[in-house]
Structure formats: structure tokens, C-alpha cells
Number of protein chains: 2
Amino acid sequence: MYETKESSTNQLNISIALNKCPVTYTLHKIGGRWKPLIIYHLTSGPLRYGELKKAIPAITEKMLIQHLKELEADGLVNRKAMPVVPPHVTYSLTTSGEALAPVLNAMAAWGMHYSKADVLE
Amino acid sequence: MYETKESSTNQLNISIALNKCPVTYTLHKIGGRWKPLIIYHLTSGPLRYGELKKAIPAITEKMLIQHLKELEADGLVNRKAMPVVPPHVTYSLTTSGEALAPVLNAMAAWGMHYSKADVLE
DNA sequence: ACTAGTACCTACCAAAAAGTATGTATCTAT
DNA sequence: ATAGATACATACTTTTTGGTAGGTACTAGT
């Protein structure tokens, strides 16, 4: 009939793909719904949490902060908190975050070229 | 307490992100677990279904064919079936699929550089 | 005492992506 | 008649990602 494995291979497969393919690795780091946009906005300089929120109106605070935490944990983004009240926190790209520029440019170029009349799908 | 919206904004947000960000668009096209690997294997020339399967042992047939269908629908991959028995089907990159090369190269370069001692996470 | 401002946190739920198991068609060779 | 080869299809489940709704802390200003 139908038996299910105790532990799925999902996590395993992630690391297989990560190990086999540096592209998958990169994809894994920038692959959240709003991560490219966040990184893009930070390329022109550090921004405060609230400024990022304003720059990406459709994002919820939960997703914004979740993505920021992940980007920070992945070493792409720096968080700098000033111990004042009300809080003042700025986010900026790290060296490896800035090194993504050529990647993002290549992706943007391809995307702009091949998304003609296709975006509304 | 807890009320739920009739229709979630998930789909809406996808298209917002896609429209705002060509990088997100590109990400959307190559963003399946095994898609980069599939595309990579096709860069050296057309392959049969079974050859792709052998090239990526960890992938299940369901995911392989699902990704191939999506890549085909997205215009990145061509499917050519010979009406013989047993079936003989080859997959190859389209022009836009081949145009991903610089994107994948940039991603691979970044990935290889920044994944040192990090892959085992 | 109360409100405003900033940057979060958390419990819960929904939707999407990935994985498991099994089945199908067709012809050739045995 | 049966098995082998090839390229799928499909029903169902699990895992991950994203969204909703609400709350917190801390101080300054009124």
C-alpha cells in the first residue's frame, strides 16, 4: 500500500545539491522571496530597518527581519545597532555581499532581456 | 483572535517581486532544487532523459520530469521526441537557456569563492 | 498617565515545493 | 507469454517557505 520513510531525504538532497553545484549554493543564499530586492537596495549604501521597509512596501515586517537575519547569518549583510532609544539600526552589505554585484547584474540583464511580455503570467 | 484572509497575498507578492526585480524573475526560472544541475549538464550538449537521470543520481524521476516540463514551459529547454519504441527523447538548451551561461558562471564563481568551509552546514 | 517612535518577537495558519510509492504504454527479443 | 527497455504519469505525504495577527521594550515629550 503506502509506507513512509522515517526520515525524508529532503535535507540530505539539499546538501547533495549544495555540494555538487556552486550555483545551487549561491541560489541558496539569495533565494528568498525578497532577498534580491533587499540586497539591491543595500547596494547604494547602508539603510536603516525602517528605510528598507519603506523601500519595499509589500514586504511584511516578519519577512523583512527574517530575511535580514538570514542574510546576516550567511555573512552577506552587516547589522549595526546604536544603543539609543528609540533604536537605531543600520544594515549594510559585507564584502561577500558586495561581491554579489556581478551575479546580480548578470541575472538582471538576463531577466530584463527575456521577461518581455512574460511578466504578467 | 485569529481571522484568516479569504485570499492570501502570496501569489500577489510573487508577481510584485517579479515585476519589481528582474533578478527575482531570473531566480524564479532557475530556482528549483535541481534546475541548475540540469541546465549545467545540458550546456555540454543535448542529453536523453535517461542520461540526465544517470548524471544526477539523487534526483527522483518525478522531480526530474517535473523540472524538465517547467524548463520547457519557460522556454529554457527543448524537448525532442523520436516516435520509436522504446521511446527516445532528448533535451537541449534553447537560445535563452544558453544565454544563462554568464549568469551561471557568475553564480558559480561567487559560490566557489565563498563556500569554503561552509558547505557542510 | 499616556502616546509616539523604532526595531523587533512569536504563535499560528496557508500555500508551495519536494519526496514516496506505484502504475502505464509500446514494441522487440526470447 | 513474458520480460526488458524507455520515458513518463499520478495519488498521496512531508517539509519548507511565506503570510496574518498580535505583542514587547525603552525612553522622550505632552
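Numbered from 1 within each chain, the chains take letters A, B, ... in sequence-line order.
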**Q** Nearest to the side chain of A/K69 - C/dA16, C/dC9, C/dA7?
**A** C/dC9
**Q** When you measure from the side-chain N and O atoms of A/R33 to the phosphate of C/dA16, is any distance below 4.0 Å, counting only OP1 and OP2?
**A**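 For A/R33, the contact criterion (side-chain N or O under 4.0 Å from OP1 or OP2 of C/dA16) is not met.
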**Q** When you match A/E70 and A/P86 each to their closest nucleotide on DNA chain D, which lands nearer the 5' end?
**A**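 Its nearest nucleotide lies further toward 5', so the answer is A/E70.
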**Q** Determine, for B/K29 against B/E70, whether the closest basic-nitrogen to carboxylate-oxygen distance falls under 4.0 angstrom.
**A** no
**Q** Taking 4.0 Å as the cut-off, does a side-chain nitrogen or oxygen of A/Y49 come that near to OP1 or OP2 on C/dG5?
**A** no
**Q** Examine D/dA7: is either OP1 or OP2 under 4.0 Å from a nitrogen or oxygen in the side chain of B/R79? Give yes or no.
**A**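 False: B/R79 side-chain N/O out of range (4.0 Å or more) of D/dA7 OP1/OP2.
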**Q** Looking for any heavy atom pair under 4.0 Å, which part of the strands does A/K62 touch: base, sugar-phosphate only, or nothing?
**A**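 Answer is base: heavy atoms of A/K62 come under 4.0 Å of a base.
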**Q** Quick check: on DNA chain C, is the nucleotide nearest B/P87 upstream (toward 5') of the one nearest B/H28, or the reverse? Name the residue that is more 5'.
**A**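 Of the two residues, B/H28 wins.
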**Q** Reading DNA chain D from 5' onward, which residue's closest nucleotide shows up sooner: B/R48 or A/E61?
**A** B/R48
**Q** Which nucleotide in the list C/dA18, D/dC8, D/dG19 gets nearest to the side chain of B/Y91?
**A** D/dC8
**Q** Has B/T26 got a side-chain atom pairing as donor or acceptor with A/M107's backbone, closer than 3.5 angstrom?
**A** yes
**Q** Rounded to the nearest Å, what distance is computed from the CD1 atom of residue B/I16 to the P atom of nucleotide D/dG18?
**A** 15 Å
**Q** Have a look at B/Q66 and say if it touches a base, only the backbone sugar-phosphate, or nothing, with a 4.0 Å heavy-atom cut-off.
**A**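 The residue B/Q66 makes no contact with any strand.
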**Q** Distances under 3.5 Å between protein N/O atoms and the N/O atoms of nucleotides 28-30 of chain D, please, pair by pair.
**A**
none

**Q** Over how many whole Å does the gap from B/L18 atom CG to D/dG18 atom P extend?
**A** 13 Å
**Q** For D/dT17, does either OP1 or OP2 sit under 4.0 Å from a side-chain N or O belonging to A/W34?
**A** no
**Q** Considering only side-chain heavy atoms of A/N10, which listed nucleotide, D/dG19, D/dG18, D/dT15, is closest?
**A** D/dT15
**Q** Answer yes or no: does a side-chain N or O of A/H67 lie under 4.0 Å from OP1 or OP2 of D/dG18?
**A** yes
**Q** Between A/G50 and B/T60, which residue's closest nucleotide on DNA chain C lies nearer the 5′ terminus?
**A**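 Nearest-nucleotide comparison on DNA chain C picks A/G50.
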**Q** Among A/T24, A/N10, A/N13, which one satisfies side-chain hydrogen bond (donor to acceptor under 3.5 Å, both in side chains) with B/R33?
**A**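 For B/R33, the side-chain hydrogen bond (donor to acceptor under 3.5 Å, both in side chains) check succeeds only for A/N10.
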